[in-house]
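Before any comments, here is the structure.
So you know, we letter chains A, B, ... as the sequences are listed, proteins then strands, and number each from 1.
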Amino acid sequence: MIITRFAPSPTGHLHIGGARTALFSYLYAKHCKGKFFLRMEDTDQERSKPEFAESIIQDLKWLGIVWDNDVIPYQSQRLTIYQKYLDELKENNFAYEKEGAYFLKGHEALEDFIIFKSSGMPTFHFAVVIDDHEMGVNTIIRGVDHLTNTDKHRHLYKCLGLPIPEYYHIPLIVDENSKPLSKRRNDSNMDYYRENHFFPEAVFNYFARLGWGYQNQEIFSKEELIELFDVKKTSKNPARFDPRKLSWVNIQYLKIASPDKIKIYGYQNINMLIKLSEKENTKKLLLNELQQKAISLQELNDMCRPFIDNKELDTTLFNEYGEFISAIIPDVIELVKNIASWSIDEINTDVHKFMDEKSLGMKEMAMPLRVILTGQKKSLDLNSILFYLGKDEVIDRLNRAKEFV
RNA sequence: GGCCCCAUCGUCUAACGGUUAGGACGUUGCCCUCUCAAGGCAGAAAUACGGGUUCGAUUCCCGUUGGGGCCGCCA
């Protein structure tokens, strides 16, 4: 059985590169019907912080990466285990002490290297090998920055007489200048995407496609990725992180997101509209239409506002249309009153008839009305605005606009 | 510098050794049109270079160039 793992060191938040390594390891394990484990490598006592471990755990959960081990091993708590293996190496004359630290003897192509620090902590090289063995990890997916460490790790396995795992080194993620993504960039950490309300499925999807592809497909569910992903088919060259494409993927998920999926983000206007839509089917259609135009939950929230609330309409844009309001609005009110059946088609027909009579073009008609009715310039098409607002509400808002001038 | 890894449109990627080298993001133009970081359509855009192997190379081999990584009592 394939067993992979993700072993971050809790010295910072979960980085994009780490997230993708975790994702690949998870996906590959599940693809092979194997297991995926999580472990914390906190042998650097100076820089490791419990809050970072917690943050990494939260980000992984958010992404939808689930590990199969019930307890997450922390290397700092496993000293006696490492000690045992160190004793074995000492007994077999593979390791020796120097200035309070322990070194492993290398070979022709490998210099002696330190495995136990004088502080009493194992080094990364030692702990990683012991832990992977103890946890049964047989497939290691990690960044190419570990490539040259592999010689040391293999040698360690040999000295210990343990089976050597399969290694896959995945390329780094780089920025627009092909340089490694700086950890200082705010968008290079996972918590940025969580806090900015990206859909985790979208981020998951985007990272899976960064270094891997399947035919002409762009959008994959987690299940599809598990089915299709194979680490052996991943690209070998560095992948450039493209926030614009991530955004595009996120928009694709926004378009199809169910009310339940959106609700949890707690946006006031959206949630109000969802609440209304539970009783009223047209509101459901409205929400869906708005989702097709919005590019983020924040924007969707703005776009929902005119449709749930008629007391606090934003009137700041009204000034631009003062002339229109005093000249046309009274007639528009009559027009709306006379629309017999409140359907998109009927609204469309009557509005056009009206414009013909008044010799008005859509350009002169639609934007002023849109602003008067919604307070916004970006919204649905005019017919839909009228339709979803409802006859009474439209008339009400037109009357109020009249008073505004 | 030493050791190692990599190389398809600007970017992410497809292509059992035989394809008009495909898709997506971005970009350009057009359409829709009343708004748009929405939608539709169309276009420009790539096999780094040089040698082999082969009837045939994006694909296999070698070299060059270019990019990257590692060379910590960090992980």
Side-chain angles (χ1 to χ4, degrees), chain A residues 7-12 18 40-48 75 98-103 109-111 113-128 142-152 169-180 206-219 233-252 254-255 289-296 299-300 303 317 348 351-352 355 360-371 374 376-385:
Chain A
S9 65
T11 54
M40 287 294 165
E41 309 216 320
D42 60 343
T43 51
D44 183 345
Q45 290 181 299
E46 305 255 310
R47 294 190 298 154
S48 294
Q75 292 184 325
K98 187 178 162 192
E99 292 169 8
Y102 284 92
F103 287 73
L110 185 67
E111 285 183 12
F113 62 95
I114 193 160
I115 54 174
F116 240 81
K117 310 178 209 175
S118 52
S119 68
M121 275 285 173
T123 64
F124 155 71
H125 301 299
F126 193 56
V128 88
R142 48 167 33 165
V144 278
D145 49 325
H146 283 294
L147 197 57
T148 48
N149 290 331
T150 309
D151 291 340
K152 291 177 183 166
H169 291 95
I170 63 176
L172 269 18
I173 297 178
V174 297
D175 67 13
E176 53 278 1
N177 302 119
S178 297
K179 298 293 173 201
Y206 175 74
F207 282 119
R209 277 288 284 99
L210 203 55
W212 173 84
Y214 178 75
Q215 297 179 357
N216 288 341
Q217 195 170 342
E218 294 291 338
I219 303 300
K233 294 188 178 135
T234 54
S235 164
K236 300 263 175 50
N237 38 350
R240 188 172 299 201
F241 174 63
D242 183 359
R244 288 177 304 186
K245 184 149 186 184
L246 206 203
S247 249
W248 178 82
V249 175
N250 194 56
I251 289 171
Q252 307 316 304
L254 176 59
K255 286 178 193 295
E289 278 206 43
L290 293 172
Q291 279 177 246
Q292 304 313 309
K293 296 190 77 106
I295 56 151
S296 66
E299 191 181 78
L300 180 62
M303 293 176 81
L317 294 170
N348 185 46
V351 167
H352 274 86
M355 289 191 302
L360 283 172
M362 245 334 199
K363 259 194 170 61
E364 301 154 275
M365 180 80 167
M367 190 50 102
L369 272 181
R370 171 179 293 111
V371 168
T374 68
Q376 300 173 340
K377 285 192 170 178
K378 177 171 182 177
S379 191
L380 300 176
D381 63 280
L382 182 59
N383 296 333
S384 298
I385 291 172

Rounded to whole angstroms, how far apart are CZ on R240(A) and P on rG67(B)? 13 Å
Could you check whether [X] gets within reach of a base, just the sugar-phosphate, or nothing at all, counting any heavy atom under 4.0 Å?
X	answer
L382(A)	base
E46(A)	nothing
L147(A)	sugar-phosphate
N149(A)	base
P8(A)	nothing
L369(A)	nothing
K363(A)	sugar-phosphate
R209(A)	base
A101(A)	base
K236(A)	sugar-phosphate
G211(A)	sugar-phosphate
H146(A)	base
K233(A)	sugar-phosphate
S9(A)	sugar-phosphate

Select one nucleotide: of [options], the one nearest the side-chain heavy atoms of [X].
X	options	value
K179(A)	rU35(B), rG68(B), rC73(B)	rG68(B)
N237(A)	rU11(B), rC6(B), rC73(B)	rC6(B)
H125(A)	rU35(B), rA75(B), rC73(B)	rA75(B)

Would you say the side chain of [X] and the base of [N] hold a donor-acceptor pair, judged only by whether the two atoms sit under 3.5 Å apart?
X	N	result
K293(A)	rU35(B)	yes
S118(A)	rC73(B)	yes
E218(A)	rG23(B)	yes

With both distances under 3.5 angstrom, what nucleotide forms a Watson-Crick or G-U wobble pair with [N]?
N	result
rA48(B)	rU64(B)
rC3(B)	rG69(B)
rG17(B)	none
rC36(B)	none

Using the [atom1] atom in both, what is the distance from [N] to [M], to the nearest Å?
N	M	atom1	result
rA46(B)	rG26(B)	C1'	15 Å
rG63(B)	rC5(B)	P	12 Å
rG22(B)	rA15(B)	C1'	7 Å

Give, for atom CD1 of I170(A) and atom NE2 of H146(A), the distance between the pair rounded to the nearest 0.5 Å. 10.0 Å
Indicate every side-chain donor-acceptor pair of residues 114-122 of chain A with a distance under 3.5 Å to a residue at least two apart or in another chain.
residue	atom	partner	partner atom	Å
K117(A)	NZ	T43(A)	O	3.2
S119(A)	OG	M121(A)	N	3.4

For the pair E176(A) and R244(A), find out whether any cationic side-chain nitrogen is under 4.0 Å from an anionic carboxylate oxygen. no
Specify the closest pair of heavy atoms between L254(A) and Q291(A), including all atoms of both residues, with the distance to one decimal. O-NE2, 2.8 Å
